[in-house]
There are 4 protein chains.
Amino acid sequence: MAVWLQVDPRSPTPVYQQIVDGIKGAVAAGWLKPGDRLPSVRDFAVSLAINHNTVAKAYQELERSRVIEVVRGRGTFVASPGQRPPPDVEERIEKLRDTLRLAWIEAYHLGLVEDEFERMFRQARDDARGGEGKEGL
Amino acid sequence: MAVWLQVDPRSPTPVYQQIVDGIKGAVAAGWLKPGDRLPSVRDFAVSLAINHNTVAKAYQELERSRVIEVVRGRGTFVASPGQRPPPDVEERIEKLRDTLRLAWIEAYHLGLVEDEFERMFRQARDDARGGEGKEGL
Amino acid sequence: MAVWLQVDPRSPTPVYQQIVDGIKGAVAAGWLKPGDRLPSVRDFAVSLAINHNTVAKAYQELERSRVIEVVRGRGTFVASPGQRPPPDVEERIEKLRDTLRLAWIEAYHLGLVEDEFERMFRQARDDARGGEGKEGL
Amino acid sequence: MAVWLQVDPRSPTPVYQQIVDGIKGAVAAGWLKPGDRLPSVRDFAVSLAINHNTVAKAYQELERSRVIEVVRGRGTFVASPGQRPPPDVEERIEKLRDTLRLAWIEAYHLGLVEDEFERMFRQARDDARGGEGKEGL
DNA sequence: GTGGTCTAGACCACC
DNA sequence: GTGGTCTAGACCACA
């Protein structure tokens, strides 16, 4: 419960964003379930070897995304999915649509044919659902 | 040849990246064909109303991606696809794989079911292939 | 006498503040009348499923606001309105004035026109006076 | 253009929130107009005698509220109202409704009669519209 | 020069 | 104990 997330300070992706992605992924894969408690910002910061403000920023973003819920003075918990959808679902879906469009373009320029890319797409689904552990199947 | 690309300085996506995406997209859609000549850095900068350094940075990135070829003294041209694949294809494919994985995760948190997301994926392919004009079919 | 107040630990509003608001609201709506006895700190804490220190803090604040009166050894009672105004009325009125000013500003940024907002203001009066039960009319 | 906002570090309202409120107020009053440029985070921090991170946090919140727009590398500008409403308008309106309800309750406990409070409400509108300067009339 | 990110260390409110 | 805020100072990407 303290090694399931790693962070690369040299990545172009901001560290707080890596945490956001990591936790969203853990929830989607079923490793974290609604009601589960996340480490405190300071504990998490220690185990990730980063500053606690960075974790706090990630938690705030995750709360805005309705992935987690902060209970005053008690801690941070995984939210129940679908209960309160994020306020900007529409925009996020539009952004996701654009991400897919750009992915197709990138695939074209990397010389991937349609079949290959569709296989990659389905493989990515399995990876997102808990690759190694196969929890999502 | 100067209105097919628009750039939004207020977007969170860097302007040079918008140019890269725009040109990659135009090539993938078939609007730009191998051998077509691109505007000069300075002309392009003027018609996009941005700094020419920004266009230069985009062209550099596009050359590294083997999407365009700069012929000193003659101009900049769309490259033939697949001739000289970019040196870091492996890395780029890995990044693309990760993009798709994150997209599945995001879809989960936006409450999209598998069918919806797969439909979105195929729709994105058609959009990437020239949406309105249907050139790519 | 124990279900008319609910508290949400996940709300950004501190729990003790929710209690204060709830009791002030119940008094203003006429659900609680001068002389009515409030639950003991410990009983209230049990029925709200929270720490008793939190209830105690709420009661302290309510006493400073002259909404309730604590009679040592006998219990806690709803005070008679207007008898002993809180010592800092001026300050509180000034704060209320500022709240209204900020509300107008927020209304502007939410695109509400003057009429809409005034209607909302009057509707809020009816809500404060006991919404469903109409006791305050 | 550098003294129109003051900040009180001892206020219970967070400093970044004071900045947010101040700028929202200046826009609502007409002191700041769409397209106007705001001071850079660092300049503003100096003139407010606070840390630049605090200003940055306020700017990010204002951007989420669609009150300002950040143009990469160029600066921060007042947005055109109503163009892109904030993604969570519904929730904000609900919160505003609750604010008004609580204001009525508070008014009751401060011994204000209905007429007085309605006058205060209209006075607050005039204050929000640029009190001293009367720009909004 | 602009905003964005991060660190190290501090204080505070709340429970 | 929890998260939230703030400071001082640093580095980076972008235009």
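Predicted model, so just to flag it, every value in this text is computed and none were measured. Just so we're on the same page: letters track the sequence lines, and every chain starts at 1.
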Picking from [options], which would you name as closest to the side chain of [X]?
X	options	result
D/Pro14	F/dC6, E/dT2, F/dG9	F/dC6
D/Gln60	E/dT5, F/dT2, F/dG3	E/dT5
A/Asn51	E/dC6, E/dA8, E/dT2	E/dA8
D/Arg74	E/dC14, F/dA15, E/dT5	F/dA15

Salt bridge check: are A/Glu91 and D/Arg66 linked by an N-O gap of less than 4.0 Å? yes

Charged N to carboxylate O below 4.0 Å: is that the case for D/Asp36 and D/Lys33? no

Output yes when at least one side-chain N/O atom of [X] is less than 4.0 Å from OP1 or OP2 of [N], else no.
X	N	result
A/Tyr16	E/dC6	no
D/Thr54	F/dT7	yes
A/Lys57	E/dT5	yes
D/Thr76	E/dT2	no

Are any non-hydrogen side-chain atoms of C/Arg42 and C/Val46 less than 4.5 angstrom apart? no

Name the nucleic acid region contacted by D/Val71, choosing base, sugar-phosphate or nothing; use a 4.0 angstrom heavy-atom cut-off, strictly under. nothing

Which is true for D/Ile50 with a 4.0 Å heavy-atom rule: it touches a base, it touches only sugar-phosphate, or it touches nothing? sugar-phosphate

Any N/O donor-acceptor pair, A/Asn53 side-chain to E/dG9 base, under 3.5 Å: yes

Could you tell me whether a side-chain N or O of D/His109 sits under 3.5 Å from a main-chain N or O of C/Lys24, the two making a donor and an acceptor? yes

